[in-house]
Enquirer: 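Please find one structure pasted underneath; my questions will follow.
The residues of the chain are indexed from 1 along the displayed sequence. Computed from heavy atoms alone, side chains included, the values below leave out hydrogens, waters and symmetry copies.
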Amino acid sequence: MILRRLADALRRQDWATVVLEVLIVVLGVFLGIQVANWNEEMADRRLGEDYRLRLIADLETDLAALKGMETYYREVLDSVRDAIRLLGQPSPDARSLVKATYRASEINYDPQTRATWDQIVSSGHIGLIPTAAAARLAEYFAFDFLREANDQLYDSEYRERVRRMIPLPVQEAIREGCSDVRLETAVIVGFTENCVIDVDEAMLDRVAQTLRADPGLIASLNWHYSHAYSAAINSSGLAIQVQRALDALEPAGRSPDAPDPHR
């Protein structure tokens, strides 16, 4: 319709109408582009907000797991110290020695919750989240230090050594009443507070004697300690990183402690 009117005006040499029709076309194109840009910008904002909320949920999950793992490995380190102390005694309490040596070999690992971050990176949408948060997140997700520590502890000479020496009935009794506390999802949340190893004292005495008779056990336990310490200290450091990333994801001008209207 506009093009027909423009053609008619050109034939009549009605320049005022020509100019008006051209302006209408230009204005329509301009407004169309602006509306498209606005719609795209609004879609990006909605997507960025969705990413932000999902990242916060992921990081809060990781933060809780990291704090739990730090506490867990502090207890493992306590067991390492107890085991070394008891192994050095001429007549240690057998139950305490078995408990300490076994708990010193325990491990715990929760992988990073990184599905949202991986989606953002693979989609090229890093620009949709706050710059400071992107930097924190890139640092956190760059390497899984706890997985490395877990692998070292899993393959530890001490872990294999002590579990070879403790017979299956004793290990089953430890698992039943003196080991990890797990959720229904098998996530470890700590150690059993009241340790019960339901086997007879004679068997515990034999196990304790076997442990004390191994000349290399303390040396391997010393080496195991270094990896358990790394797991504890890495959990603590990563928890700080995650908290800083969470702070950076908070909307500008709002305190991290203020209630979030989106939650």
Enquirer: Restricting to non-hydrogen atoms, name the atom on A248 and the atom on A132 that form the minimum distance, rounded to 0.1 Å.
Expert: CB-C, 4.0 Å
Enquirer: Going by heavy atoms in the side chains, are L86 and D93 under 4.5 Å from each other?
Expert: no
Enquirer: Quick one: CG on D214 to CG on L87, what's the gap to the nearest 0.5 Å?
Expert: 9.0 Å
Enquirer: Which heavy atom in A83 sits nearest to a heavy atom in L97, and how many Å separate them?
Expert: O-CD1, 4.3 Å
Enquirer: List in chain and number order the residues that pass ring pair (Phe, Tyr, Trp, His ring centres under 6.0 Å) with Y73, two or more places apart in sequence or in another chain; answer none if no residue qualifies.
Expert: none
Enquirer: Please determine if R45 and E49 form a salt bridge, counting it only when a charged side-chain N lies under 4.0 Å from a carboxylate O.
Expert: no
Enquirer: Within the structure provided, determine whether T192 and D180 are in side-chain contact (heavy-atom separation under 4.5 Å).
Expert: no
Enquirer: Could you measure the distance from the CD1 atom of I126 to the CD1 atom of I120? Nearest 0.5 Å is fine.
Expert: 8.0 Å
Enquirer: Measure the spacing between CZ of R161 and OG1 of T101 and express it to the nearest 0.5 Å.
Expert: 13.0 Å
Enquirer: What heavy-atom pair brings A133 and A245 nearest, and what distance separates the two atoms?
Expert: CB-O, 4.4 Å
Enquirer: Do you know the tightest heavy-atom contact between P169 and V199?
Expert: O-CG1, 4.0 Å
Enquirer: Return each pair, listed once, that meets side chain to side chain donor-acceptor pair (under 3.5 Å) where at least one residue sits in residues 127-146; pairs must be two or more places apart or across chains.
Expert: D62-Y140, Y109-D144, E139-Q241
Enquirer: So if you build clusters from Ile, Leu, Val, Met, Phe, Trp, Tyr with side-chain heavy-atom gaps below 4.5 Å, do L146 and L153 land together?
Expert: no
Enquirer: Please answer: with hydrophobic residues joined when any side-chain heavy atoms are less than 4.5 Å apart, are L246 and I240 in the same cluster?
Expert: no
Enquirer: Who are the side-chain hydrogen bond (donor to acceptor under 3.5 Å, both in side chains) partners of R81, not counting sequence neighbours?
Expert: D78
Enquirer: Just so I know, are the side chains of R159 and I107 near enough to count as touching, which here means a heavy-atom distance under 4.5 Å?
Expert: yes
Enquirer: Verify the cluster assignment for V242 and V187: are they in a single hydrophobic cluster under the rule of side-chain heavy atoms below 4.5 Å apart?
Expert: no
Enquirer: Quick one: closest heavy-atom pair of A239 and L63, and the distance?
Expert: O-CD1, 3.4 Å
Enquirer: What residues, two or more places apart in sequence or in another chain, satisfy side-chain hydrogen bond (donor to acceptor under 3.5 Å, both in side chains) together with S220?
Expert: none
Enquirer: Would you compute the distance between atom CG of N150 and atom CE of M69 and round it to the nearest 0.5 angstrom?
Expert: 9.0 Å
Enquirer: Does a side-chain heavy-atom distance below 4.5 Å link I188 with V181?
Expert: no
Enquirer: For F191, give me all partners under ring pair (Phe, Tyr, Trp, His ring centres under 6.0 Å), at least two apart in sequence or on another chain.
Expert: Y72
Enquirer: Holding to salt bridge (Lys or Arg N to Asp or Glu O under 4.0 Å), I want the full list of residues that pass it with R212, two or more places apart in sequence or in another chain.
Expert: none
Enquirer: Taking atom CD as the centre, does E176 end up with more than 12 heavy-atom neighbours from other residues, nucleotides or ligands that are less than 6.0 angstrom away?
Expert: no
Enquirer: Checking Q171 now: which residues fulfil side-chain hydrogen bond (donor to acceptor under 3.5 Å, both in side chains) with it, not counting sequence neighbours?
Expert: Y102
Enquirer: Does S226 use its side chain to pair, donor to acceptor, with the backbone of W223 at less than 3.5 Å?
Expert: yes
Enquirer: Under the rule for ring pair (Phe, Tyr, Trp, His ring centres under 6.0 Å), what residues qualify as partners of F141, not counting sequence neighbours?
Expert: W117
Enquirer: Between D50 and R46, does any side-chain N to carboxylate O distance fall below 4.0 Å?
Expert: no
Enquirer: Considering only residues two or more places apart or on different chains, which pairs with a residue in residues 94-110 satisfy salt bridge (Lys or Arg N to Asp or Glu O under 4.0 Å)?
Expert: R95-E201, E106-R163, E106-R175
Enquirer: Quick test of your reading of the model: are D247 and R244 salt-bridged, counting only N-O distances below 4.0 Å?
Expert: no
Enquirer: Test of understanding: with side-chain hydrogen bond (donor to acceptor under 3.5 Å, both in side chains), list the residues that count as partners of E160, not counting sequence neighbours.
Expert: R164
Enquirer: Can I174 be reached from V189 by stepping across I, L, V, M, F, W or Y side chains whose heavy atoms are under 4.5 Å apart?
Expert: no
Enquirer: Under the 3.5 angstrom rule, does the side chain of S79 hit a backbone N or O of E75 as a donor-acceptor pair?
Expert: yes
Enquirer: Check ring pair (Phe, Tyr, Trp, His ring centres under 6.0 Å) between F145 and all other residues, then give those that pass, not counting sequence neighbours.
Expert: F143
Enquirer: With a 4.5 Å heavy-atom cut-off, do L221 and V162 have their side chains touching?
Expert: no
Enquirer: With a 3.5 Å distance limit and no angle check, can you tell me whether T71 reaches the backbone of K67 through a side-chain donor-acceptor pair?
Expert: yes
Enquirer: Which pairs count as disulfide (SG to SG under 2.5 Å) when at least one residue sits in residues 106-191, sequence neighbours excluded?
Expert: C178-C195
Enquirer: So for atom CZ, which belongs to R147, do other residues, nucleotides or ligands contribute more than 12 heavy atoms lying within a distance under 6.0 Å?
Expert: no
Enquirer: Distance from Q112 atom CD to L59 atom CG, nearest 0.5 Å?
Expert: 10.0 Å
Enquirer: In terms of hydrophobic clusters joined by side-chain contacts under 4.5 Å, are V196 and L204 together?
Expert: no
Enquirer: Taking all heavy atoms of H224 and all of S105, pick out the closest pair and write down the distance.
Expert: NE2-CA, 4.0 Å
Enquirer: Calculate, to the nearest 0.5 Å, the distance between atoms CG and CD belonging to L249 and E60 respectively.
Expert: 10.0 Å
Enquirer: Assess whether atom CG of D198 is packed by more than 12 heavy atoms of other residues, nucleotides or ligands within 6.0 Å.
Expert: no
